[in-house]
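Every chain is numbered from 1, with letters handed out A, B, ... down the list of sequences.
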There are 2 protein chains.
Amino acid sequence: MATGRTHRPATRSRGIPEATVARLPLYLRALTALSERSVPTVSSEELAAAAGVNSAKLRKDFSYLGSYGTRGVGYDVEYLVYQISRELGLTQDWPVVIVGIGNLGAALANYGGFASRGFRVAALIDADPAMAGKPVAGIPVQHSDDLEKIIQDNGVSIGVIATPAGAAQPVCDRLVAAGVTSILNFAPTVLTVPDGVDVRKVDLSIELQILAFHEQRKAGEEHPDGAAPPAAAREESDESADQGPDGDVPAVMPA
Amino acid sequence: MATGRTHRPATRSRGIPEATVARLPLYLRALTALSERSVPTVSSEELAAAAGVNSAKLRKDFSYLGSYGTRGVGYDVEYLVYQISRELGLTQDWPVVIVGIGNLGAALANYGGFASRGFRVAALIDADPAMAGKPVAGIPVQHSDDLEKIIQDNGVSIGVIATPAGAAQPVCDRLVAAGVTSILNFAPTVLTVPDGVDVRKVDLSIELQILAFHEQRKAGEEHPDGAAPPAAAREESDESADQGPDGDVPAVMPA
DNA sequence: CCATCTTTGTGCACGCGTTCACAAAGACAT
DNA sequence: ATGTCTTTGTGAACGCGTGCACAAAGATGG
Ligand SMILES: NC(=O)c1ccc[n+]([C@@H]2O[C@H](COP(=O)([O-])OP(=O)(O)OC[C@H]3O[C@@H](n4cnc5c(N)ncnc54)[C@H](O)[C@@H]3O)[C@@H](O)[C@H]2O)c1
Ligand SMILES: NC(=O)c1ccc[n+]([C@@H]2O[C@H](COP(=O)([O-])OP(=O)(O)OC[C@H]3O[C@@H](n4cnc5c(N)ncnc54)[C@H](O)[C@@H]3O)[C@@H](O)[C@H]2O)c1
């Protein structure tokens, strides 16, 4: 998972568990695909397969939204698309600003999947004066001096941060002060925000490191054939002779 | 959370819980920053604050790695950097290929934070013949015809998919067949992989939808002053009169 | 060497999330 | 109308993750 929420304790939002909320977009995507193929109804089993989850989980998730679905038949695709969209707040338009129009920010600005779900790129903001006025993805980049005005004029409540790590917290502070209450952060930093502001982060580096961890485990298991004891092959090897097959980085040892 | 794992049930990998593994990179980042400032030791309290987590959680996380840390003092920064790096498999070099060098793929290729943790971009692969040979971030793009050979020649086990959604599954299948066992997927699709292959996904659209959900809740609460009953303001409103303040999408109703 | 003070490591309890398994609901055929 | 068959919705059990709270460990000062 490339994410993690901040603040807002375990206050189940109106009764819909956070884990369920995180899956709703997944269901919505699968349902939209079915809708485009004019499929009228789906069973929980089919839809679960398409979304890559357990069917019991899917049914429980939907049960938090209400009793849509007909026993013996399944769920009405169009109706469910509407209900989930409404629950996620996608029946309204969400203006979004992107701050930091570098490699990543420009890619995000060019991303088509943005607009497809009610999100509209209201403005692109960068601190580089050389970029001001230059169009990216058809939208002229604006200077960060005008950040507050841009937020307020467009009624923006969702901000995307794609600046270097060092600039992320100051930018975040300005966004929040200007009225932004939801932030998607691509910079590799922990953002501190007041209560009531949601932060989600996407960190490529963290994802790769998690993959590397599992990759290392797979390589360390070394079982060409079937059932080898998966764990407990080595217990508390502490240090020494645990390196991969390749070379190793000389390590700094403690006092 | 922008992620979600696939397959591999709840098999706690060698005793380190998945949730802990996901936080190790966070600790590592904070520790690296301390190391650069030549800070010799940190307490769990300080480090937890820097990583944005609870200090008890941090201590429990570290306890899975072993008893590094000195009571009354804290943790030796350099030592901990090494131990976490080793646990995550970052003491070895991980060649990575990126498939789909469009807006996003190019941004990823240009991303400096890639190399900083033992990940090396071994190759860039695209299906567009016009891109073949063209350097992106100093690395010439190779045609996807040679995908299998590239994977094998470089001993690549981690692949990044940044192609359009429709191409993701076929690309994934080829990567896996060629020997890749860890995939980071940016395309908005559920990938199906054999057992033993790890998939993590990053989906911008899902993140925004989750933010929109909470944003809608905040807007719906409408409490200019202090303590209003957070939930149970409306119970089971089913349909009708639940739309946002703005316009609403005409919905298709079921039979 | 002893006392004090800081900070770790963890036992324990609790709550959330997942999954199983099944009764109830309803479609559909006869 | 009645029976059968499919599929939902959910009660209950279980396991994982989180956070509290505290005893043990060890540093530090006298
Ligand atoms: N490129 C990637 O694939 C990638 C992947 C993961 C994370 N990231 C992170 O995303 C961020 C951006 O990456 P990038 O490759 O686009 O970097 P970049 O250097 O290409 O772009 C950063 C942009 O932010 C602008 N900027 C700097 N300070 C600013 C400020 N105070 N206000 C507004 N704009 C400001 C710069 O002018 C520049 O245009 C970095 O934090 C990076 O670590 C990037
Ligand atoms: N741009 C973003 O910010 C962003 C954000 C989130 C998700 N995504 C997703 O990431 C993916 C890439 O986005 P993008 O904006 O870079 O798109 P893009 O169209 O700019 O780039 C896609 C690239 O993939 C290449 N390609 C197509 N089929 C291929 C194949 N079979 N093998 C190898 N290469 C192939 C194309 O030639 C092209 O260069 C999409 O699935 C998109 O939905 C993008």
Find the distance [X]:[atom1] to [N]:[atom2] and express it as a whole number of Å.
X        : N       : atom1 : atom2 : result
Tyr68(A) : dG26(C) : OH    : P     : 16 Å
Tyr64(B) : dT18(D) : OH    : P     : 9 Å
Lys57(A) : dT8(D)  : NZ    : C1'   : 18 Å
Leu58(A) : dG17(C) : CG    : P     : 16 Å
Asp61(B) : dC16(D) : CG    : P     : 16 Å
Glu46(B) : dT6(C)  : CD    : P     : 14 Å
Leu65(A) : dT8(D)  : CG    : C1'   : 14 Å
Leu80(A) : dT8(D)  : CG    : P     : 11 Å

Check whether the side chain of Arg71(A) and the base of dT8(D) form a donor-acceptor pair under 3.5 Å.
yes

Look at the side chain of Lys60(B) against the base of dG19(D) and say whether a donor-acceptor pair falls under 3.5 Å; ignore hydrogens and angles.
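Check passes, donor-acceptor contact within cut-off.
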
Among the nucleotides [options], which one has an atom lying closest to any side-chain atom of [X]?
X        : options                   : value
Arg59(A) : dC22(C), dC20(C), dG17(C) : dC22(C)
Ala19(B) : dG9(D), dG17(D), dT10(D)  : dG17(D)
Ser44(B) : dT8(C), dG9(D), dT18(D)   : dT8(C)

Does either side chain, that of Gln209(B) or that of Ser205(B), offer a donor lying less than 3.5 Å from an acceptor on the other one?
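Present: a donor and an acceptor within the cut-off.
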
Side-chain donor-acceptor pair under 3.5 Å between Asp61(B) and Thr20(B), yes or no?
yes

Take Glu18(A) and Ile210(B) through the test side-chain contact (heavy atoms from CB on, under 4.5 Å) and record every step on the way to the result.
CA-CA 9 Å; Glu18(A) 191 58 31; Ile210(B) 296 171; 3.9 Å; yes

Return the minimal non-hydrogen interatomic distance between Tyr75(B) and Tyr68(B), and the atom names on each side.
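Closest heavy-atom pair between Tyr75(B) and Tyr68(B): CE2-O, 3.3 Å.
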
Looking at Ser55(B) and Ser44(B), what are the two nearest heavy atoms and their distance?
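Scanning both residues completely, I find the closest heavy atoms to be CB-O, 3.9 Å.
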
What does Phe62(A) touch in the nucleic acid at a heavy-atom separation under 4.0 angstrom: a base, only the sugar-phosphate, or nothing?
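Result for Phe62(A) = nothing.
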
What contact category does Ser67(B) fall into here, base, sugar-phosphate, or nothing, at under 4.0 angstrom with non-hydrogen atoms?
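Ser67(B): backbone/sugar contact only, no base atoms under 4.0 Å.
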
Is Asn54(A) close enough to dC20(C) that one of its side-chain N or O atoms is under 4.0 Å from OP1 or OP2 there?
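Yes, because at least one side-chain N or O of Asn54(A) sits under 4.0 Å from OP1 or OP2 of dC20(C).
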
For Arg23(A) and Thr70(A), take the nucleotide of DNA chain C holding the closest heavy atom to each; which residue's nucleotide lies nearer the 5' end?
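Per heavy-atom nearest nucleotide, the more 5' residue is Arg23(A).
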
